[in-house]
Amino acid sequence: MTAKEVLALQRKQPFTGLRIHISDGQAYEVLHPEMMMVTRTCVFIAQPPVKEGVPMQHVYCDPVHITRIEPINRRKKPARTRRRKS
């Protein structure tokens, strides 16, 4: 995949979230466009801490090693409605 293709997905509005698969079998979720930085030769992916007190993790990846990117289907919670008592 090219850096230009990755950048286009990052800039797509509205941003829906991405799952990035790389050639070593790992997959990384990008839930916000600011969690990823794309240059011509590198994609930086920040990962939120697994638990409190653990520092944030990050990955540097060459765009050539990105095998596929898929959207993360996050469903919005349905609005709660109150029933009227009869």
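Note: hydrogens, waters and symmetry copies are ignored here, and every other heavy atom, side chains too, is used.
Glu70 CD: more than 12 foreign heavy atoms inside a 6.0 Å radius.
Ile66 contributes atom CD1, which lies 6.0 Å from atom CD1 of Ile45 (distance to the nearest 0.5 angstrom). Rounding to the nearest 0.5 Å gives a distance of 10.5 Å between OG1 of Thr39 and OH of Tyr60. Between the CZ atom of Phe44 and the NE2 atom of His58 there is a distance of 5.5 Å, given to the nearest 0.5 Å. Here the CD1 atom belonging to Ile20 is positioned 9.0 Å from the CE atom belonging to Met1, to the nearest 0.5 angstrom. Considering CD of Gln26 and SG of Cys61, their distance stands at 10.5 Å, rounded to 0.5 Å. Separation of atoms CE (Met36) and CD (Gln47) is listed at 11.0 Å; rounding is to 0.5 Å.
The backbone N or O of His21 lies less than 3.5 Å from a partner atom in the side chain of Thr67, making a donor-acceptor pair.
In this structure, the side chains of Leu31 and Ile72 come closer than 4.5 Å at one or more pairs of heavy atoms. Taking 4.5 Å as the limit, every side-chain heavy atom of Glu5 sits out of range of all side-chain heavy atoms of Pro63. Considering only heavy atoms from C-beta on, Glu29 stays 4.5 Å or farther from Met35 through its side chain.
Hydrophobic clustering of Ile, Leu, Val, Met, Phe, Trp and Tyr side chains at less than 4.5 Å, counting indirect connections, keeps Phe15 apart from Met37. By the criterion of side-chain heavy atoms lying less than 4.5 angstrom apart, applied directly or through intervening Ile, Leu, Val, Met, Phe, Trp or Tyr residues, Leu7 is grouped together with Val59 in one hydrophobic cluster.
Taking the side chain to side chain contact (heavy atoms under 4.5 Å, CB included) definition, one finds that Leu9 meets it with Leu18, Ile69, sequence neighbours left out.
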